[in-house]
Amino acid sequence: LTPITERCFLTMSQALNNVQGSHLVGPGGVGKTETVKGLANLLGKFLMLVQCSPESDTNGMGKIVQGTAMDGCWACFDEAQSLNNLSMSVVLDFVTSVLTALKSRHSYASLSNGQEITIKKGLALHMTSNPTSRPPSCRLPNYVAAIFRTVSLVKPDTALVLKAKCASHGFKVPNILGVRLKTLADLTINQLPPEVHHMFGIATWSGVLKRAAIKKKMVKDDKFVDKMDTRRDETSRSESQASDNVATLKVGTIMNPQQSVTLAAPSSMKMGGATLTSTTRKMGTPNPMTLAAKMEHALVCQTIKEVICPR
């Protein structure tokens with residue numbers, strides 16, 4: 001939860017209180033869809049994500065709005081600018097009828113096709129659009145602002161998001177790892193053409209971290225198995241040595257019954273009266289990177305080569 005996301009949640013909550021939808025606008029990779037998902041997750045609402053395209057069926061889009069209103073769940077029309085003009089007009093017409101009925105506190109809504117449906121108060125309709133896409137299939141009409149509350153997302157806080165992703169996957173020193181991934185993303189975006197910038201978004205880095213977490217777990221399981229095998233071997237070896245010592249002791253007692261066996265505690269040793277002092281470590285800048293953290297960061301680097309380089 002970043003400060004930008006928190007402000008978006010506040011604006012979207014005010015829109016819900018005013019019986020409006022939310023229209024998130026911004027370029028690709030800024031987190032429009034993830035913001036809607038996060039708010040639905042916080043409020044415990046079922047979210048139906050609809051991926052829009054120029055081939056979307058008009059009747060199907062109308063039924064989606066109708067089913068959402070009758071069920072009381074949430075719906076998000078992702079990349080709404082990809083819809084054709086006819087599908088967009090049907091969606092906006094049905095959404096207007098449903099939201100008007102909610103504002104009037106009616107339990108039913110009359111759609112433009114003559115149907116009358118029951119609606120529930122818990123429903124919410126959201127929309128995302130990318131104005132930089134070329135070419136858009138349709139231009140959103142001006143009265144969309146009266147139905148949906150516009151929320152503009154320009155640039156995400158990539159460093160803070162990556163730090164949270166690293167911490168959620170259990171990587172050590174997530175602050176340093178997040179900054180390193182942010183630096184790598186900036187370098188690739190500055191040096192590579194715009195056609196491949198989408199390969200270095202937050203979604204890509206999330207996939208890399210997820211794959212690296214799986215590999216880290218596999219390495220940890222292999223080390224645990226090797227450690228258990230080594231411990232089992234040491235236990236069996238110590239048991240065999242103890243049995244040999246007991247057998248030798250019994251034989252010695254039988255051969256010399258008058259001899260008693262005593263175990264003396266080890267005495268302390270002195271080094272000629274000299275006092276041993278421990279070497280003091282020179283104080284300097286503390287290094288937060290332990291050996292385990294370095295190995296995990298190297299594993300992430302290896303995963304980046306495996307996931308991104310083949311693309």
Side-chain angles (χ1 to χ4, degrees), residues 1-26 28-53 56-57 60-83 87-88 90-111 115-130 140 144-153 156-157 160-161 164-165 168 202-203 206 210:
L1 184 61
T2 63
I4 298 176
T5 308
E6 188 176 357
R7 290 195 293 269
C8 291
F9 285 173
L10 179 60
T11 305
M12 295 170 68
S13 300
Q14 292 176 351
L16 292 174
N17 191 32
N18 296 330
V19 195
Q20 285 183 315
S22 300
H23 179 207
L24 281 76
V25 184
V30 297
K32 302 184 295 294
T33 308
E34 295 298 328
T35 301
V36 179
K37 289 181 180 179
L39 182 60
N41 188 19
L42 287 177
L43 298 181
K45 296 293 184 179
F46 176 79
L47 176 66
M48 178 174 57
L49 186 62
V50 183
Q51 186 66 39
C52 301
S53 66
S56 297
D57 184 33
M61 300 301 291
K63 290 181 179 179
I64 289 173
V65 179
Q66 180 179 348
T68 303
M70 297 176 65
D71 188 70
C73 61
W74 285 19
C76 178
F77 297 94
D78 196 19
E79 302 295 333
Q81 80 282 349
S82 301
L83 289 173
S87 299
M88 177 60 71
V90 171
V91 169
L92 294 180
D93 188 19
F94 281 25
V95 170
T96 303
S97 301
V98 170
L99 294 182
T100 302
L102 280 178
K103 289 180 180 180
S104 302
R105 297 183 180 181
H106 292 164
S107 59
Y108 62 90
S110 298
L111 303 179
Q115 293 183 354
E116 187 174 299
I117 61 173
T118 59
I119 57 177
K120 294 184 178 181
K121 296 182 179 180
L123 72 93
L125 299 168
H126 306 278
M127 182 185 299
T128 65
S129 63
N130 184 4
L140 299 178
V144 172
I147 307 173
F148 295 93
R149 176 72 177 270
T150 303
V151 180
S152 298
L153 295 175
D157 193 352
L160 188 58
V161 172
K165 291 287 185 181
S168 64
I202 295 179
S206 299
K210 185 176 181 180

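Quantities reported herein were computed from a predicted structural model and do not represent experimental measurements. Sequence positions, counted from 1, serve as the residue numbers for this chain.
Pairing each heavy atom of Ala109 with each of Val98, the nearest pair is CB-CA, 4.3 Å. Counting all heavy atoms, side chain and backbone alike, Val90 lies closest to Gly62 at CG1-CA, 4.1 Å. Of all non-hydrogen atoms in Ala15 and Gly21, the two that sit nearest each other are CB-O, 3.9 Å. Across all their heavy atoms, Cys8 and Leu153 have their closest contact at SG-CD2, 3.1 Å. Across all non-hydrogen atoms, the minimal contact from Gln20 to Ala146 is NE2-O, 3.5 Å. The nearest pair of heavy atoms linking Gly26 to Asn130 is O-OD1, 3.3 Å.
The local environment of CD in Glu6 is sparse, with at most 12 non-hydrogen atoms from other residues, nucleotides or ligands closer than 6.0 Å.
Residue pairs that meet the salt bridge (Lys or Arg N to Asp or Glu O under 4.0 Å) test with at least one member in residues 30-41, sequence neighbours left out, are Glu34-Lys37. Screening residues 61-79 for side chain to side chain donor-acceptor pair (under 3.5 Å), with sequence neighbours left out, gives Thr33-Asp78, Gln66-Gln115, Asp78-Thr128, Glu79-Gln81. Screening residues 92-110 for side chain to side chain donor-acceptor pair (under 3.5 Å), with sequence neighbours left out, gives Asp93-Ser112.
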**Prompt:** What do the steps show when you test Ser13 against Leu39 for side chain to side chain contact (heavy atoms under 4.5 Å, CB included), and what is the final call?
**Reply:** CA-CA 9 Å; Ser13 300; Leu39 182 60; 4.3 Å; yes

**Message:** Applying side chain to side chain contact (heavy atoms under 4.5 Å, CB included) to Phe77 and Val65, what does each step give before you reach the verdict?
**Reply:** CA-CA 10 Å; Phe77 297 94; Val65 179; 3.6 Å; yes

**Asked** Going through the checks in order, is the side chain to side chain contact (heavy atoms under 4.5 Å, CB included) test met by Met61 and Phe94?
**Response** CA-CA 9 Å; Met61 300 301 291; Phe94 281 25; over 6 Å; no

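Residues Phe148 and Leu92 form a side-chain contact, since some pair of their non-hydrogen atoms from C-beta on lies under 4.5 Å apart. Using a 4.5 Å heavy-atom cutoff, the side chains of Ser22 and Val36 are not in contact.
From Thr35, atom OG1 reaches atom NE2 of His126 across 11.0 Å, with rounding to the nearest 0.5 Å. To the nearest 0.5 Å, atoms NE2 (His23) and CZ (Arg149) are separated by 13.5 Å. Taking CD1 of Ile147 as the start and CG of Leu99 as the end, the distance is 7.0 Å to the nearest 0.5 Å. To the nearest 0.5 angstrom, Leu83 atom CG is 7.5 Å from Ser53 atom OG. Atom CG in Leu16 sits 10.0 Å away from atom CG in Leu123 (nearest 0.5 Å).
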